[in-house]
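Structure first, commentary second.
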Amino acid sequence: MPRFAANLSMLFTELPFLDRFGAAAAAGFEAVEFLFPYEHPAEEIADRLSEHGLTQALFNLPPGDWAAGERGIAALPDRVEEFRASVGTALRYAEVLGCEKLHTMAGITADLDRAAADATYLSNVRYAADRAAEAGRIITVEPLNPYDVPGYHLGSMRAGLEFLDAVDRDNVLLQLDLYHAQITDGDITRLIERADGRIGHVQVAAVPHRHEPGTGELDDHYALAVLDRVGYAGYVGCEYHPAAGTVAGLAWLDRYRDGGQR
Ligand SMILES: O=C(O)C(=O)[C@@H](O)CO
Ligand SMILES: [Mg+2]
């Protein structure tokens with residue numbers, strides 16, 4: 001039975017960020033995730049988590065200049081120092097929030113030398129993994145589709161799995177976002193079976209409009225059942241844009257409530 005985390009960067013955006021925690025708990029979520037906590041003191045977020053009995057499932061390392069279009073810096077050869085500092089920042093937040101998993105975004109590398117970007121990404125993720133291991137944390141890498149993030153360094157789940165082989169660290173795992181995976185790879189059942197044991201986090205949204213699961217071309221419920229079958233026990237982040245209001249769109253979760261008895 002999947003365990004769901006509300007993605008507070010996409011859900012409950014009707015409310016200010018810090019008010020989304022209570023709204024997620026009131027809607028029945030036991031966990032949350034979001035892109036970045038860094039505009040708020042970690043203690044303030046930790047207070048919201050404990051006030052509402054929520055687990056922080058995942059957040060991202062600092063991504064570079066997000067507003068300017070940057071989507072991570074781990075594969076950018078001229079940003080190694082900044083990347084290493086960002087690992088320390090993220091680990092400090094992870095400790096205060098009690099968060100086990102950190103997503104490390106590679107960055108947009110289409111205009112860079114591929115070999116140099118590959119080498120930088122490998123050494124930076126190994127660095128992050130080794131620092132994270134000292135703190136008992138897991139690093140995830142998430143391939144992103146080329147429509148949402150053109151030129152992103154990690155462009156398919158297959159490339160993501162090859163990267164995991166190359167990086168060769170037990171605490172670096174795949175972030176399987178079913179939305180991106182259906183666009184970049186398809187063949188979702190076999191993909192999940194091939195990735196078995198190397199999936200660190202899952203996210204879900206319908207393809208192609210990134211609305212509520214179950215409203216697009218992929219049978220998201222079937223895919224979640226496959227994840228159950230292979231023994232994935234982590235959280236499934238609900239990372240979608242509600243079609244017409246967050247709470248109004250939560251009916252797709254009813255079948256999982258009350259132990260799946262509905
Ligand atoms: O865009 C997504 O999908 C995410 O999960 C974000 O963390 C950005 O990578
Ligand atoms: Mg995602």
Side-chain angles (χ1 to χ4, degrees), residues 2 4-11 13 17 20 31-39 56-76 83 86-87 89-90 93-94 97 99-110 121 124-125 128 137-157 159-161 163 172-185 188 191-192 195 199-213 216 218 220 223-224 227 232 234-242:
F4 295 99
N7 184 300
L8 300 186
S9 301
M10 288 200 190
L11 302 190
T13 56
F17 181 69
R20 296 175 198 169
V32 296
E33 60 174 35
F34 43 67
L35 285 175
F36 313 112
Y38 309 108
E39 283 181 8
Q56 182 72 39
L58 172 105
F59 64 90
N60 293 4
L61 266 66
D65 190 345
W66 185 268
E70 290 191 327
R71 293 295 179 268
I73 55 173
L76 307 191
F83 176 78
S86 81
V87 172
T89 303
Y93 270 82
L97 304 187
C99 182
E100 187 190 17
K101 294 174 184 170
L102 295 168
H103 173 211
T104 302
M105 296 189 75
I108 294 169
T109 56
Y121 189 38
N124 272 342
V125 173
R137 317 259 172 232
I138 287 167
I139 295 294
T140 64
V141 293
E142 179 189 30
L144 302 179
N145 80 71
Y147 303 109
D148 288 72
V149 191
Y152 192 68
H153 190 70
L154 206 52
S156 72
M157 295 293 155
L161 290 173
F163 178 72
V172 180
L173 296 171
L174 185 71
Q175 184 162 321
L176 175 66
D177 186 328
L178 292 167
Y179 165 75
H180 295 296
Q182 167 67 0
I183 296 171
T184 58
D185 296 64
I188 296 296
L191 172 65
I192 291 170
I199 300 174
H201 188 63
V202 172
Q203 293 170 320
V204 68
V207 177
H209 300 300
R210 211 169 192 178
H211 289 320
E212 281 78 358
L218 176 68
D220 301 297
L224 294 176
L227 281 157
Y232 174 74
Y235 284 104
V236 175
C238 301
E239 191 183 32
Y240 60 83
H241 298 292

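It should be emphasised that the depicted structure is a prediction, and the values quoted were computed from it without experimental measurement. These numbers come from the heavy atoms of this one structure, side chains and all, not from hydrogens, waters or symmetry mates. Numbering of ligands and ligand atoms starts at 1, following listing order.
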> How far is atom 7 (O) of ligand 1 from its nearest protein heavy atom, and which residue and atom name does that atom have?
Replying inline: Asn60 ND2, 2.9 Å
> Using the benzene-type ring in the case of Trp, are the ring centres of Tyr121 and His153 under 6.0 Å apart?
Replying inline: yes
>> Within ligand 1, which atoms have a heavy atom of Gln175 less than 4.0 Å away?
In response: 5 (O)
>> What's the separation between atom CG in Leu35 and atom CG in Leu8, rounded to the nearest 0.5 Å?
In response: 10.0 Å
> Side-chain contact, heavy-atom cut-off 4.5 Å: Met105 with Val141?
Replying inline: no
> For ligand 1, which atoms have a heavy atom of Leu35 less than 4.0 angstrom away?
Replying inline: 6 (C), 7 (O), 8 (C)
> For the ring pair Tyr93 and Tyr38, is the centre-to-centre distance below 6.0 Å?
Replying inline: yes
> Should you measure from each heavy atom of Asp177, which atoms of ligand 1 turn up under 4.0 Å away?
Replying inline: 3 (O)
> Does ligand 1 have an atom that lies less than 4.0 angstrom from a heavy atom of Arg210?
Replying inline: yes
> What angle, in degrees and rounded to 10°, do you get at the Mg ion (ligand 2) when you join it to OE2 of Glu142 and to OD2 of Asp177?
Replying inline: 100°
> Can you tell me how far CG of Leu154 sits from CD of Glu142, rounded to the nearest 0.5 angstrom?
Replying inline: 9.0 Å
>> Which residue and atom name correspond to the protein heavy atom nearest atom 8 (C) of ligand 1, and how close is it?
In response: Met105 CE, 3.6 Å
> Got an N, O or S from Gln203 under 2.8 Å of the Mg ion (ligand 2)?
Replying inline: yes
> Does Val202 offer a backbone N or O that forms a donor-acceptor pair with the side chain of Tyr232 under 3.5 Å?
Replying inline: yes
>> Any donor-acceptor pair under 3.5 Å linking the side-chain atoms of Glu33 with those of Gln56?
In response: no
>> Contact between ligand 1 and Arg71 is defined here as a heavy atom of the residue under 4.0 Å from a ligand atom; is it met?
In response: no
> Within a strict 4.5 Å, meaning less than it, do heavy atoms of the Ile73 and Pro62 side chains meet?
Replying inline: no
> Considering only protein heavy atoms, which is closest to atom 4 (C) of ligand 1, and at what distance to one decimal place?
Replying inline: Glu239 OE2, 2.9 Å
>> Within the 4.0 Å heavy-atom shell around His103, which atoms of ligand 1 are there?
In response: 7 (O), 9 (O)
> atom 9 (O) of ligand 1: which protein heavy atom is closest, and how many Å away?
Replying inline: Glu142 OE1, 3.0 Å
> Which atoms of ligand 1 have any heavy atom of His180 under 4.0 Å away?
Replying inline: 1 (O), 2 (C), 3 (O)
> Of all N/O/S atoms in Glu239, which lies nearest to the Mg ion (ligand 2)?
Replying inline: OE1
> Should you measure from each heavy atom of Gln203, which atoms of ligand 1 turn up under 4.0 Å away?
Replying inline: 5 (O)
> Hey, is the main chain of Glu239 close enough, under 3.5 Å, to the side chain of Asn7 for a donor-acceptor pair?
Replying inline: no
> Out of Asn145, Ile183, Asp185, which one pairs with Ser156 under the side chain to side chain contact (heavy atoms under 4.5 Å, CB included) rule?
Replying inline: Asp185
